[in-house]
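Accompanying notes for the structure given below.
Please read all numbers here as calculations on a predicted model, not as lab measurements.
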Amino acid sequence: MKLTKWGFTRFNSIKAEFDQFPHSLVILRKIRNYYFVNKIHWSALDPVVETHHLEQMELLVNREMDLEENYLRRRLD
């Protein structure tokens, strides 16, 4: 999966689009020092989003924002 487009929204959120789900908009919110998937405006034109897709989306966005290390350590804190 690849992050194709992203931008900031209000309230510390990011809207993102991914190549495997080109018709669905993903909203990620910041908590502590990393972003997590908050909502998906899913389109029936895209495949069903599963848990492993959500984790991959979070990793790609956090990597883009240079927060990958914080995201990977989230369960240790």
Side-chain angles (χ1 to χ4, degrees):
M1 181 183 319
K2 292 182 183 175
L3 177 64
T4 56
K5 187 176 176 183
W6 67 273
F8 288 104
T9 66
R10 294 186 243 173
F11 312 114
N12 277 339
S13 295
I14 290 179
K15 57 184 176 182
E17 295 176 11
F18 298 88
D19 64 342
Q20 287 185 358
F21 307 96
H23 305 288
S24 300
L25 182 65
V26 180
I27 307 295
L28 296 100
R29 303 261 341 243
K30 190 170 187 182
I31 184 168
R32 296 189 186 129
N33 295 317
Y34 59 89
Y35 287 90
F36 69 98
V37 173
N38 183 6
K39 292 184 209 178
I40 298 181
H41 299 284
W42 180 74
S43 169
L45 299 172
D46 289 339
V48 175
V49 180
E50 299 178 5
T51 305
H52 68 277
H53 294 128
L54 298 175
E55 291 174 353
Q56 199 171 7
M57 290 174 183
E58 291 171 347
L59 183 61
L60 290 170
V61 169
N62 282 293
R63 186 175 291 156
E64 181 72 22
M65 300 302 296
D66 199 27
L67 297 171
E68 181 178 9
E69 193 172 316
N70 295 338
Y71 176 74
L72 295 174
R73 283 188 293 138
R74 72 193 182 281
R75 293 187 178 137
L76 302 175
D77 292 341

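Counting all heavy atoms, side chain and backbone alike, I14 lies closest to T9 at N-OG1, 4.1 Å. The shortest non-hydrogen separation linking L60 to M1 is CD1-O, 3.5 Å. Residue I27 comes nearest to K15 through the heavy atom pair CD1-CB, 3.8 Å, listed as atom of the first residue, atom of the second, then distance. Nearest approach of W42 to V49, heavy atoms of both residues: CD1-CG2, 3.9 Å.
With contacts defined as side-chain heavy-atom distances shorter than 4.5 Å, the pair F18/L3 qualifies. E58 places none of its side-chain heavy atoms less than 4.5 Å from the side chain of Y35. Between E17 and V26 the shortest side-chain heavy-atom distance does not fall below 4.5 Å.
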TODO: Dump the intermediate steps for side-chain contact (heavy atoms from CB on, under 4.5 Å) on L67 and V61, then the final yes or no.
DONE: CA-CA 8 Å; L67 297 171; V61 169; over 6 Å; no
Open item on the list: Quick one, T51 with E55, criterion side-chain contact (heavy atoms from CB on, under 4.5 Å). Give me CA distance, side-chain angles, the key distance, then yes/no.
Closed with: CA-CA 6 Å; T51 305; E55 291 174 353; 4.2 Å; yes
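Y71 and F8 are not part of a single hydrophobic cluster, where members link through side-chain heavy atoms under 4.5 Å apart. L72 and F36 fall within a single hydrophobic cluster, where Ile, Leu, Val, Met, Phe, Trp and Tyr side chains are chained together by heavy-atom contacts under 4.5 Å.
Put simply, the side chain of N70 gets close to the backbone of N33: a donor and an acceptor are under 3.5 Å apart. Within the 3.5 Å criterion, the main-chain N or O of S24 finds a donor-acceptor partner in the side chain of D46.
Counted within 6.0 Å of CG on D66, heavy atoms from surrounding residues, nucleotides or ligands total 12 or fewer; the atom is thus considered open. No more than 12 heavy-atom neighbours from other residues, nucleotides or ligands sit within 6.0 angstrom of CD on E69.
Rounded to the nearest 0.5 Å, atoms CD (E64) and CH2 (W6) are 6.0 Å apart. Taken to the nearest 0.5 Å, the CZ atom of R32 stands 11.5 Å off from the CZ atom of R74. With values rounded to the nearest 0.5 angstrom, I40 atom CD1 is found 4.5 Å from M57 atom CE. One finds the CG atom of L45 at 5.0 Å from the NE2 atom of H23 (value rounded to the nearest 0.5 Å). Between F21 atom CZ and S43 atom OG the span is 11.5 Å, to the nearest 0.5 Å.
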